[in-house]
Amino acid sequence: MTENWPPEKISLSPGKRVLFLTKDLDLIKQQLYDGLNLKMSDISPEDLLDDINTDVMTPAWVCFDHDPSEIAKNAYAGLMHDGMRVFSENALINGGFEVIVSGQRKGTGSSRETAAQCERWAGIRIVIASSFAPIHERNNINLGQLMGDYEMLERLQNGESVSLEEFTSKYDPVTRLIVENGGLFPFAEKLSSNQITLPPLDTPNSPMTMAEKIISRNLVGHVEGQCVKPHDPVIAQVQGGYSHEFTTAQVHTFLSEEYGADYSLPNPNKFAVFEDHLLYAAHNPKFVPHMHKVQTLRDLQVKFQRHTGVRDYSAVDGVSPGICHQVAREEFIEIGDFIQATDSHTCMGGASNALTYGVGATEYASLVYSGFTFVKVPESIRFELTGVLNEGCTAKDVILFILSDHARKELTLNRSMEFGGPGLSSLSIDERATLCNMATECSGRTGICEVDDALYDWMEKAQGLDRERMRKLSVMPDEGAKYDGGVHTIDLSQIVPMVAHPGNPDKGIPSDPTNGANISDIGKVPINIAYGGSCTAGKEDDMAYYAEVCQAADDAGLRVKDGVEFYIQYGSGLVKDLAASKGWHDLFLKVGVKLIDPGCGACIGAGPGVSINSEQVTVSAINRNFQGRSGPGKLYLASPLTVAASAFTGEITAWKKGFFD
């Protein structure tokens with residue numbers, strides 16, 4: 001392959017190799033260290049690893065480096081076999097690979113662009129998979145990586161050349177231009193200098209979904225009222241965005257390299273930085289050797305904020321204002337907004353009837369500099385909620401059901417997950433945020449909820465917004481709107497308490513949020529750690545759930561079970577203040593809970609509550625149970641009620657009132 005990437009004809013370079021990521025991890029080792037070369041004709045797609053997540057590709061500690069060439073040295077550091085790394089340091093670089101192959105839903109998980117960077121800077125230029133998680137796919141596109149299928153790989157391995165057009169023909173015209181020009185920055189440079197032009201949009205008037213309506217009214221260069229449909233390539237204005245200390249350093253570096261050290265942002269007040277992800281990183285012994293790198297990330301975020309003047313949500317005296325997604329919905333995401341940020345759980349803002357989703361550092365750098373972003377209008381899937389949840393069930397059980405069913409079938413893949421119906425009104429705004437928050441675990445583009453009076457009330461209380469203005473900005477789907485993923489009715493009264501189990505990674509069964517199981521079916525599962533917190537489960541209503549169980553335990557004279565550590569971490573300063581005012585804070589301490597100030601933590605392995613050995617079992621209200629993400633032990637995802645009940649019984653337990661009587 002040539003330096004002028006990508007060429008018109010793609011062929012395998014002499015001496016370069018193809019790496020197959022197989023469920024048989026020994027086969028991967030043989031390719032890395034023993035010179036084994038495999039061919040697609042020798043491999044069945046069922047033999048390839050599915051659901052390779054971004055934590056496997058670049059675990060948190062790898063992301064402490066912001067230089068992609070350093071990140072590449074530890075590519076796939078999170079892929080473990082019998083407690084040992086499958087990829088040793090520099091293994092991907094030293095293997096001489098230029099093609100990497102895997103199964104379904106490649107790159108699920110966070111929006112971290114480092115996952116795509118670790119391959120690109122290790123020499124990979126062609127990525128083959130059955131399907132890709134949407135943000136990871138976009139990050140590959142923005143870096144100029146080519147993504148193909150198994151048939152194309154067979155032809156390449158047989159000595160054929162494959163035209164660039166075959167790699168890009170599946171894309172819309174704008175995405176095609178981005179890939180053909182080598183990535184987002186080269187594309188943007190040529191666009192600004194009029195070397196390339198965008199195709200016109202001629203979508204006729206038609207019914208639209210909620211996501212389509214928000215994109216439509218933010219179109220740049222089109223008449224007001226122009227409709228959009230799935231797959232339309234458009235440029236759209238955003239109302240705001242944010243980054244955190246895990247990602248801001250790359251944003252600042254990319255902008256400085258691309259536009260010069262004196263670059264400026266046109267609308268800095270629309271954007272923000274948060275110090276929330278790495279506040280407690282030193283609590284993880286594995287991270288201690290890297291704390292100088294963490295400090296570099298913090299320093300570069302401060303430098304970016306001072307240079308640009310974006311809104312500042314830095315920690316004060318070591319205490320964060322809160323997790324970015326929670327604070328954003330409390331303070332500045334408004335009804336009908338279009339928001340993008342450098343974190344996959346940005347989709348949590350969809351509970352506010354807004355279009356919000358995560359992007360990589362390259363895409364975010366481009367949009368904060370221009371105020372606009374490229375959007376490929378997503379397809380939608382609708383969930384029509386009916387009925388009311390039974391006692392002991394929460395919205396977490398609903399989304400675990402969707403993960404185990406619709407997401408596993410890939411019905412949610414890269415789609416806007418639209419929630420509505422009469423059952424939605426029975427869920428609080430915080431519970432709706434739980435549904436939207438975990439749209440990214442479904443490999444969806446985002447989640448978005450219909451608007452109602454309960455949301456207007458919540459927004460008035462949180463931000464003091466004018467109700468009439470909110471009504472004008474709100475969106476509801478049109479009758480006859482098209483749902484490529486279908487319309488799926490979920491009777492909330494049929495939902496039961498669930499977990500997502502940790503699989504068996506050594507046997508090629510990933511620990512994944514789609515591993516749903518009813519608690520009634522899993523038998524006795526003793527636990528060592530119960531964790532309540534994260535953007536998914538650190539909200540006001542989540543605290544009320546923990547308090548409900550803790551109060552019942554206290555009334556029964558119970559304390560946290562011997563041998564179990566029960567952690568609760570507040571999602572924001574406002575949540576902590578509420579807990580204190582209602583007496584929950586003191587109640588938690590009384591029954592033996594270990595409380596943690598606002599911020600991220602164990603959810604990304606960077607704080608109290610992580611497991612410390614492979615034998616430990618955690619039941620957690622967080623959003624992901626990827627192998628190694630929250631320590632080396634086994635992790636079950638569950639609702640706040642289940643987590644709290646389990647802390648007092650010492651085993652995974654579904655909650656119901658009167659349980660401790």
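Salt bridge D430/R432: absent, no basic N to carboxylate O contact under 4.0 Å. Comment: D55 engages R112 in a salt bridge, judged by a side-chain N to carboxylate O separation of less than 4.0 angstrom. With respect to the salt-bridge test (charged N to carboxylate O, under 4.0 angstrom), the residues R217 and E212 do not qualify. Residues R155 and E151 are paired through a salt bridge, judged by an N-O separation under 4.0 Å between the basic side chain and the carboxylate.
Residue T209 holds its OG1 atom at 8.5 Å from CG of D478, rounded to the nearest 0.5 Å. D337 contributes atom CG, which lies 10.0 Å from atom CG of L355 (distance to the nearest 0.5 angstrom). R138 contributes atom CZ, which lies 14.0 Å from atom OG of S111 (distance to the nearest 0.5 angstrom). The line from OG1 of T434 to CD1 of I429 is 11.5 Å long, rounded to the nearest 0.5 Å. Taking CG from D512 and CG from D51, the interatomic distance works out to 4.5 Å, rounded to the nearest 0.5 Å. In this structure, Q494 CD and T386 OG1 are separated by 9.0 Å, a value rounded to the nearest 0.5 Å.
In this structure a side-chain-to-backbone donor-acceptor pair under 3.5 Å is missing from K270 to G241. Between the side chain of N353 and the main chain of C449, a donor-acceptor pair closer than 3.5 Å is present. Judged by distance alone, with hydrogens and angles left aside, the side-chain atoms of Q104 form no donor-acceptor pair with the main-chain N or O of D50 at under 3.5 Å. No donor-acceptor pair under 3.5 Å is formed between the side chain of Q226 and the backbone N or O of N205. At least one donor-acceptor pair under 3.5 Å links the side chain of Y150 to the backbone N or O of S130. Judged by distance alone, the side chain of K170 and the main-chain N or O of F167 form a donor-acceptor pair under 3.5 Å. Looking only at distances, no side-chain donor or acceptor of N181 sits under 3.5 Å from a matching main-chain atom of P186. Between the side chain of S428 and the backbone N or O of E431, at least one donor-acceptor pair lies under 3.5 Å. The closest donor-acceptor contact from the side chain of T446 to the backbone of T356 lies under 3.5 Å. At least one donor-acceptor pair closer than 3.5 Å links the side chain of T54 to the backbone N or O of S110.
At least one side-chain heavy atom of L385 sits under 4.5 Å from a side-chain heavy atom of L435. Side-chain contact between K376 and P233: absent, with no pair of heavy atoms (C-beta onward) separated by less than 4.5 Å. In this structure, the side chains of F254 and L184 stay at 4.5 Å or more apart for every pair of heavy atoms. Taking 4.5 Å as the limit, every side-chain heavy atom of R408 sits out of range of all side-chain heavy atoms of L403. Between V234 and L201, the closest side-chain pair of non-hydrogen atoms falls below 4.5 Å. No side-chain heavy atom of E384 sits less than 4.5 Å from a side-chain heavy atom of H488. D491 has its side chain out of reach of T489: every pair of non-hydrogen atoms, C-beta onward, lies at least 4.5 Å apart.
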Evaluate the ring-ring contact (aromatic ring centres under 6.0 Å, His included) criterion for residues Y263 and Y369: first the C-alpha distance (whole Å), next the side-chain angles of each, then the deciding distance (0.1 Å), finally the verdict. CA-CA 8 Å; Y263 77 89; Y369 185 78; 7.0 Å; no
Derivation and outcome, side chain to side chain contact (heavy atoms under 4.5 Å, CB included), residues D484 and S380: CA-CA 6 Å; D484 292 272; S380 292; over 6 Å; no
Check the pair E165 / K9 against salt bridge (charged side-chain N to carboxylate O under 4.0 Å, His left out), numbers first and verdict last. CA-CA 9 Å; E165 184 180 4; K9 290 287 186 180; over 6 Å; no
Apply the test side chain to side chain contact (heavy atoms under 4.5 Å, CB included) to residues V179 and Q145: give CA-CA distance (whole Å), side-chain angles for both, the deciding distance (0.1 Å), then the verdict. CA-CA 7 Å; V179 175; Q145 296 287 75; over 6 Å; no
Show your working on side chain to side chain contact (heavy atoms under 4.5 Å, CB included) between N437 and K396 and close with a plain yes or no. CA-CA 10 Å; N437 177 280; K396 182 64 168 289; over 6 Å; no
One pair to check against side-chain hydrogen bond (donor to acceptor under 3.5 Å, both in side chains): N218 and Q239. What are the steps and the verdict? CA-CA 9 Å; N218 282 288; Q239 276 68 61; 2.7 Å; yes
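Counting non-hydrogen atoms of neighbouring residues, nucleotides and ligands closer than 6.0 angstrom, the CD atom of E189 reaches no more than 12 such neighbours. By the 6.0 Å contact criterion, NZ on K461 is open, its count of non-hydrogen atoms from other residues, nucleotides or ligands being 12 or less. Around the CD atom of Q195, the shell of radius 6.0 Å holds more than 12 heavy atoms that belong to other residues, nucleotides or ligands.
For the pair R467 and Y456, the NZ or CZ position fails the cation-pi test of under 6.0 Å to the six-membered ring centre and within 45 degrees of the ring normal.
G444 approaches P134 most closely through the heavy-atom pair O-CG, 3.7 Å. Taking all atoms of both residues into account, the shortest heavy-atom contact from L255 to L265 is CD1-CD2, 4.3 Å. Shortest non-hydrogen contact noted between T412 and C442 is OG1-O, 2.6 Å. Of all heavy-atom pairs between M210 and V475, the closest is SD-O, 3.5 Å. Across all their heavy atoms, Y171 and R176 have their closest contact at O-NH2, 2.7 Å. Between V273 and Q305 the shortest heavy-atom distance is CG2-CG, 3.7 Å.
Among E379, R415, E418, the one residue that satisfies the side chain to side chain donor-acceptor pair (under 3.5 Å) test with Y483 is E418. Among the candidates Q463, R329, R469, the single residue satisfying the side chain to side chain donor-acceptor pair (under 3.5 Å) test with E334 is R469.
Considering only residues two or more places apart in sequence or on other chains, E330 meets the side-chain contact (heavy atoms from CB on, under 4.5 Å) condition with Q326, V327, S572, L574, V575. The side chain to side chain donor-acceptor pair (under 3.5 Å) check on T248 picks up S243, Q301, with sequence neighbours excluded. Partners of S370 under the side-chain contact (heavy atoms from CB on, under 4.5 Å) rule, at least two apart in sequence or in another chain, are F372. Remark: K409 pairs with D405 by the side chain to side chain donor-acceptor pair (under 3.5 Å) rule, at least two apart or across chains. In terms of the salt bridge (Lys or Arg N to Asp or Glu O under 4.0 Å) criterion, residue partners of K229 (sequence neighbours excluded) are, by chain and number, D232.
Between Y364 and F271, the ring-plane angle classifies as perpendicular under the 30° and 60° cut-offs. Between F332 and Y313, the ring planes lie tilted relative to each other; the angle falls in the 30° to 60° range.
Between F246 and H66, the ring center distance fails the sub-6.0 Å criterion.
A ring pair (Phe, Tyr, Trp, His ring centres under 6.0 Å) check over residues 184-243, counting only residues at least two apart or in different chains, returns the pairs Y242-F274, Y242-H325.
Between the side chains of Q250 and Q117, at least one donor N or O sits under 3.5 Å from an acceptor N or O.
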